K.L.:
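Mind having a look at this structure? Questions to follow.
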Amino acid sequence: MIEIVRQEILKIRRRRGLFWSAIGLTFLVPVIIVVVDLVLRDARPGSYVAGVELLDATAGSVAVLSLVLAILIGAIAGSWDVQHGTFRYLCLTGTPRRTL
């Protein structure tokens, strides 16, 4: 099972643009949110409240971004199956992907 997961990750890593975008965006979005928060706090120090709202905004943004990136990675994996002809076996036999 671990070998199958390693092979799938290797296939995704070969698509360098998607792989590095997924890694980079996952770490870059919270940094951008914190920087914007610091800039807004410096612009209006008396009226700006942060803390829990910042944590909620960061967690929500990362959750949505992770969902979108997971969908993209799944679509890439599915297109790889179609391109290499294993998708028809998945559909015809109904066997899980890991057994093929």
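Positions are given from 1 along the sequence. Note that this is a predicted model, so its numbers are computed, not measured.
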K.L.:
Using the side chain to side chain contact (heavy atoms under 4.5 Å, CB included) definition, which of the options Asp37, Val36, Asp42 pairs with Leu40?
P.N.:
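When side chain to side chain contact (heavy atoms under 4.5 Å, CB included) is applied between Leu40 and each of Asp37, Val36, Asp42, only Val36 qualifies.
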K.L.:
Are any non-hydrogen side-chain atoms of Ile76 and Leu72 less than 4.5 angstrom apart?
P.N.:
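Not touching, per the 4.5 Å side-chain cut-off.
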K.L.:
Would you say Leu69 ends up clustered with Val29 if hydrophobic residues are merged whenever their side chains have heavy atoms under 4.5 Å apart, either directly or through other cluster members?
P.N.:
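Result: yes, single cluster for both.
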K.L.:
With rounding to the nearest 0.5 angstrom, report the CG to CD1 distance, Leu28 to Ile33.
P.N.:
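Reported value, rounded in 0.5 Å steps: 10.0 Å.
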